[in-house]
Amino acid sequence: MDVNLKLVNVAFCLLFLVWFLWDILKKRNDYDDNDIDNHLLQREESSLFTKVTVLLNFIISISYLGLCLHEFWNVGTAPIEVVFSALSWCFAFMVAVYSVTKRWPLVLVLYWSFSSTCNLLLAIFYLLHRFDSIKVPNFLPKANIVDFASLPLSLLLCLNVLPNNPDKKMSGSRQPLLANQLQNSSSDPFSSAGIWRHLTFRWLNPLFEKGYHEKLVSEDVPPIPRSETADEASSLLEESLRKQKTQVISLPKAILDSIWRPLAINAVFAGVNTSASYIGPLLITSFVNFLSTKDDSLNWYHGMILSLIFFTAKTVESLSQRQWYFGAHRIGIRVRAALMVLIYKKSLSIKYGGTSSGKIINYVNVDVERIGDFCWYFHGIWLLPVQVMFALAILYKNLGFAPSVAAFFTTIFVMISNTPLANMQERLHTKIMEAKDSRIKATSETLKSMRVLKLHSWESTFLKKLLKLRETERSCLKRYLYTSSAVAFLFWASPTLVSVVTFGVCVILGTPLTSGTVLSALATFRILQEPIYNLPELISMIAQTKVSIDRVQNFIAEEDQKRLIHYHTPSTPGLAIEIEPGEYAWQNRDAKRPTIKITEKLKVKKGSKVAICGSVGSGKTSFLCSILGEIPRICGPRIKTYGSKAFVPQSAWIQTGTIRDNVLFGKEMNRALYENVVEACALNHDIEMWADGDLCVVGERGLNLSGGQKQRIQMARALYSGSDIYLLDDPFSAVDAHTGAHMFKKCLMQLLHDKTVIYVTHQLEFLDTSDFVLVMKDGRIVESGRYRDLISNSDGELIRQMAAHSKSLNQVKPPKSISLAKRYRHAKQIEVTEVKFIDLSRSSRVSERSLHEETETGRVKWRVYATFVTSAYRGALVPIILLCQVFFQGLQMASNYWIAWGSEKDSIVTKKQLIEIFALLSGGSSLFILGRAILLSTIAIETAQRLFLGMITSVFRAPLSFFDSTPSSRILNRSSTDQSIVDTDIPYRLAGLAFALIQLLSIVVLMSQVAWQAYYITTARELARMVPVQQAPILHHFSESISGSTIIRSFNQEDRFWKKNVELIDDYSRVAFYNSGTMEWLCVRINFLFNLVFFLLLVILVNLPKSAIDPSLAGLAATYGLNLNVLQAWVIWNLCNVENKMISVERILQFTGIPSEAPLVIDDCRPDNEWPHDGRIEVENLHVQYKPVLPKVLKGITCIFPGKKKIGVVGRTGSGKSTLIQALFRVVEPSKGRILIDGVDISKIGLQDLRSRLSIIPQDPTLFQGTLRTNLDPLQEHSDQEIWEVLHKCHLAENVKQDERLLDAPVAEDGENWSVGQRQLVCLARVLLQRRRILVLDEATASVDTATDNLIQKTIREETSGCTVITVAHRIPTVVDNDLVLVLGEGKVVEYDSPTQLLGDSSSAFSGLVMEFLRRSSTKDNYE
């Protein structure tokens, strides 16, 4: 080619560079957001032609690059004119991409015109020369195939030269209108960015700017693109599932169908990245050959062209890799969001007694995460064979057929030898997951029941159980990590083995080895290392993902028991419910008969009140569930309900949020109705006393509310809903007599007077106001009719229960002197005084703040790193591991240099020596790698265990106030997600960072550190902290929704909860999206920097005199330089990842420093084994407050509970009854005064010594998952005979014998398969089995019918004759036969005497309570 034309192309290259830099500088000076908006609008208006223009540029530049490579491959050199044409077209393409949002720059338009003119001339002269034998002028080069092919394309590009080009013009009249439209739509920065901003991730700059100047909060993170939102992603996935015509749905097929577009785009980036990564090894031979040629006269531009091609290839590789990785992240976010929504929808539709919440949480926490992560690995499936083929092609070109075949079979051998290890890893991983499932389930249950565990002093036993489960997990983890060590050894040893075999074959066959071919082969082996290593990981990832997809698919495919919400109008007008004969049974019960059997048809009229009564376990709750459609129907037609329903379950379900939110439950505020409802449910007094009124925040599961408050809030929620049918499951049992009477009168008789109400009750005094009574026994309705008719039948079941009720009433003798009218007045007086009381023990425990997790700020502190590194063996193994790495690196470089140098020195080194020494050095380096991997696994196991023990022990020793203010999801998150990262991730990240730094100890690292690290890390760190914080609310909302699914369904609130779930998922996706983008932002910049350094290195090598350099050494430097940007990306990735992952360690360490309770045992102060002998309790001037800032709850209580006596403690809600009991168990420490038991000051002894000598039956009966035996005797101290004795005493034996497994009968999570009354009886049996001298009953019989209550009281009297029994009661009969009664009010002793004495005084507070009870319990109608 003539020099003039050559110079024109070079000139254009320089012009493009100058224009590029000038435009960037100009933009920086006068950067204005409006420009972006205008550009965006212009692009949207004229996108098609613009895209075509960019595409044409891309095709032409790729064609010229392809021609260059073709020439290199065949001839070993390329014509200079082709090289410069390729370069100038590449620059033109980059400028076109950059300018896509504005008018094409003049330099670009001139280049298009020049190129098309030039190509046209070449084509014309070529044809003339061909047919007319005209001589081509000297200034024109010879035309090639690409010149011809690109001619029509470059002519098309010339259309942009036309002055009135419609593509880049926009009518002024339409611009403002569009601008306004854009302003109104809240666009995310990603969607509104142009191609150049996408390539360089510049759309993240505003976020970095904000994060650099102030601490980022989640509100600062911009919205995500619409395609990534949970709503959009899930609707696409559901659409794909609907399209499937087959009987059995295929989830993988549906996922692929919904994401195939982004997946295809991602595949293009992955393919470009792989192709570009092999250009280096392909050209390294040419580069070494160029350096080896001693002829200085060889044109230097040949070397420069090679350097430019290297640089371009590395840049393309870097940019495509970043887009590929980020694209994979985006697809992962989309898949995760879609699956979470799908699982949530499904879990809301699953009926009562379906999949356990623990399992569903695991689907979200583990399975969905894994399916999302698989998007990273997806393209590896087809890239792996492509990579191997590319590598073999390069080896074939350099070494010939036999060595490349040897390399191929060695690679296959290494891959195959990796497979059993990968299978083993997969099996162990499954075991780890199963062990983790069990541990998390146990942890979750333990955290829920921590109050009971601490009161019974069982926390040490349950901690041992947890540690045993962790030990199982740890043994699998140990084997898993050591298997991983073997895999890591194979990874690093594989290039060594492949290279030894390949070069060995070359030596045997006498294939000539030059330093060029050797280095090219080594560079290829290093790239080949990745697919070899990725294969087992890929196989195990595919297997793990398949397991997860199958689990999720099975869950989603479970048959939906669809509910028909709206029925047609009833056949008979005025009907509310039609109950047809039928049978119903729970799926998870193995009973021999159905739970509910309805034998005759029942019709419930609109506005009627139906009462249901029956003994414990008679099927009352199950009957309500059958009306709701929550219990599987075995036979018979469906129960028909006409109208909307509201359900109040026996076990209260309260949402985290404010009291007002719980009452409104998604409805608009109607102030008048709201106030009526609050007053009817006796909530106004509580609301007045709470600091924030009805905006007071309720903790998880309503943990800062008393049982009565929870029940009243539930009732208010039902009343406010304004439904047609109300199903109330014993709502009056958890409240005291007075409040129960008030609620019955106000709610049922007044607010619901025209509604249909079906209510279960154990208080038989509430039956006579009903229109209809159903009496249940053993799952059947044994009697039904009007109350008056039923009590006239002397042999009926109701009469039997009434007899028990009368017997309990007869224990309470009213004071003779008080007339009924006076009683009533006195009761009214009490009603007024109730306003003053409030339960301060609970009201202020949860602040709004505790609902928002506190996180650390700023960089992760050095002490976190120090603690982590020195946890195992005080850090003794760390220097040994680093030494192993140094030796490995040294030997590896030595072996590579040896074979490159020795292959040129035939005279000094024989071929045998060459291979032997190479094998020896390579083998040595591999051994150091093995040592490093094993030591690292040892450290990882030990460190993870130390951190786990520190956290779990600290949590178990925390006071109960910690559990009241910390949602269990927060502890579980640390125990599962963070612990997993510590178990299997961080040690390798930290080590990887250290190893890569050893490989990269150069000034370049420092350069990159200074340039962007400080700017980047402030934002990235906060985003990484936000990810787990935003994930916890999703899990919390999931578990809350699952536990309340019956209520959500009965109120028809599924849509509202689904929307809330979508919002939470979007918040999580948003943070995850920008978090992944930040890392790519940094990598793009640092990759470019390293590519530039590599380019400069090559330019220096090209320009040095040939005699001054050793070509082998120079070639080796270039080979390592090829790996430089991969290595640097690894360092940066580890650097950022280490800090981001260390946040998990930081979060675990947060929970290792929780202030603990008093010691369990104080060795110097241990009571006798027989203590307490007598059970005498002395309370001396006891003052208690929950926090120094809160008012006192107990104010100077002084009293003596004599030994072996029965003491009743009564008082209104909030009078301090529960606080007194908590002080006795030292749940809360007194601020003044003391409690003595048999003369021993309880604050001087250890908590275990104290609590293990006392017994308590708490208000909320707690059962653990397991068997009946483990629930009755968790410490395994009693024989079966002793257990059966107490079961008989508690009247549970008959129930237990119905199940053939007897004591091994299963108990579900939270005791779900036992009724609340039965659970209460199990707790009583548990206490009787312990036979302690002091027994506390905290509302112990609130959930049982009167007959069972009488039997229990009789049992307690007989079994505890030698014990001190303290009873906190709502029911007067439970304390009226006690030896003494303590009446508390406002935290002080109001009166304390025997019941007879107190009843003798008509003005006593106790008399007032008795009158109230009798007034309510008399069967006369006092409610009108």
Side-chain angles (χ1 to χ4, degrees), residues 569-581 596 598-614 618-621 623-628 639-648 680 715 718-719 721-733 740-777 780-793 796-802 805 1050 1345-1346 1416-1424:
T569 49
S571 49
T572 320
L575 215 56
I577 305 171
E578 276 187 87
I579 302 171
E580 302 281 349
I596 295 290
I598 299 165
T599 48
E600 54 191 65
K601 188 169 181 174
L602 295 168
K603 288 186 179 180
V604 179
K605 291 195 175 76
K606 273 189 182 164
S608 57
K609 309 284 177 282
V610 179
I612 302 173
C613 61
S618 60
K620 302 182 293 296
T621 302
F623 179 67
L624 288 187
C625 288
S626 67
I627 295 173
L628 284 167
I639 294 177
K640 292 177 186 168
T641 53
Y642 306 111
S644 56
K645 299 185 289 289
F647 176 50
V648 178
M715 192 70 182
L719 291 179
S721 71
S723 302
D724 302 317
I725 300 166
Y726 287 80
L727 303 166
L728 315 177
D729 193 356
D730 200 11
F732 310 112
S733 63
H742 168 85
M743 281 172 69
F744 189 80
K745 176 181 158 190
K746 291 279 187 183
C747 300
L748 261 78
M749 298 291 97
Q750 291 176 13
L751 281 178
L752 300 179
H753 69 94
D754 59 343
K755 304 280 187 183
T756 310
V757 183
I758 298 184
Y759 62 98
V760 170
T761 185
H762 286 138
Q763 283 96 325
L764 301 181
E765 59 270 21
F766 291 146
L767 295 181
D768 64 332
T769 50
S770 67
D771 301 314
F772 203 69
V773 178
L774 301 177
V775 184
M776 298 197 69
K777 188 179 182 182
R780 285 155 180 71
I781 299 170
V782 288
E783 282 187 305
S784 63
R786 294 187 66 80
Y787 176 71
R788 303 259 181 258
D789 303 338
L790 293 181
I791 55 170
S792 60
N793 175 7
E797 175 68 20
L798 184 63
I799 284 291
R800 196 187 66 72
Q801 293 194 17
M802 292 297 287
H805 183 56
S1050 66
D1345 59 282
T1346 318
R1416 191 192 77 166
S1417 304
S1418 65
T1419 50
K1420 293 185 182 66
D1421 196 348
N1422 288 325
Y1423 302 113
E1424 298 304 326

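Expressed to the nearest 0.5 Å, how far CG of Asp724 lies from NZ of Lys755 amounts to 5.5 Å. Glu783 contributes atom CD, which lies 12.5 Å from atom CE of Met776 (distance to the nearest 0.5 angstrom). One distance of note links CZ of Phe744 with OG1 of Thr769; it measures 3.0 Å at 0.5 Å rounding. Taking CG from Leu774 and OG from Ser618, the interatomic distance works out to 11.0 Å, rounded to the nearest 0.5 Å. Once rounded to the nearest 0.5 Å, the distance linking OH of Tyr642 with CD1 of Ile725 reads 10.0 Å. Interatomic distance, Glu600 CD to Glu580 CD, rounded to the nearest 0.5 Å: 12.0 Å.
Across all their heavy atoms, Thr761 and Asp730 have their closest contact at CA-OD1, 3.9 Å. Here the closest non-hydrogen pair linking Ala611 and Leu767 is CB-CD2, 3.6 Å. Closest non-hydrogen pair, Leu752 versus Lys609, comes out as O-NZ, 2.9 Å. For the pair Lys620 and Cys613, the tightest heavy-atom approach, listed with the atom from each and the gap, is CD-C, 3.8 Å. Across all their heavy atoms, Leu719 and Ala680 have their closest contact at CD1-CB, 4.4 Å. Residue Gly619 comes nearest to Ile596 through the heavy atom pair O-CD1, 3.2 Å, listed as atom of the first residue, atom of the second, then distance.
Remark: Lys746 engages Glu679 in a salt bridge (charged side-chain N to carboxylate O under 4.0 Å, His left out) (not counting sequence neighbours). Considering only residues two or more places apart in sequence or on other chains, Lys605 meets the salt bridge (charged side-chain N to carboxylate O under 4.0 Å, His left out) condition with none of them.
Not a single donor-acceptor pair under 3.5 Å links the side chain of Lys601 to the backbone N or O of Glu578. The main-chain N or O of Ala646 is never found under 3.5 Å from a side-chain atom of Ser1050 such that the two would form a donor-acceptor pair. Between the side chain of Arg780 and the backbone N or O of Ile598, no donor-acceptor pair lies under 3.5 Å.
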Check the pair Leu728 / Val757 against side-chain contact (heavy atoms from CB on, under 4.5 Å), numbers first and verdict last. CA-CA 7 Å; Leu728 315 177; Val757 183; 3.8 Å; yes

Determine, stepwise, if the pair Thr756 / Lys645 fulfils side-chain contact (heavy atoms from CB on, under 4.5 Å). CA-CA 10 Å; Thr756 310; Lys645 299 185 289 289; over 6 Å; no

Chi angles and distances behind the side-chain contact (heavy atoms from CB on, under 4.5 Å) call for Ile758, Ile577: CA-CA 10 Å; Ile758 298 184; Ile577 305 171; 3.4 Å; yes

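When side chains are defined from C-beta on, Ile612 counts as touching Leu624, because their heavy atoms get closer than 4.5 Å. For the pair Val604 and Phe772, the minimum side-chain heavy-atom distance is 4.5 Å or more.
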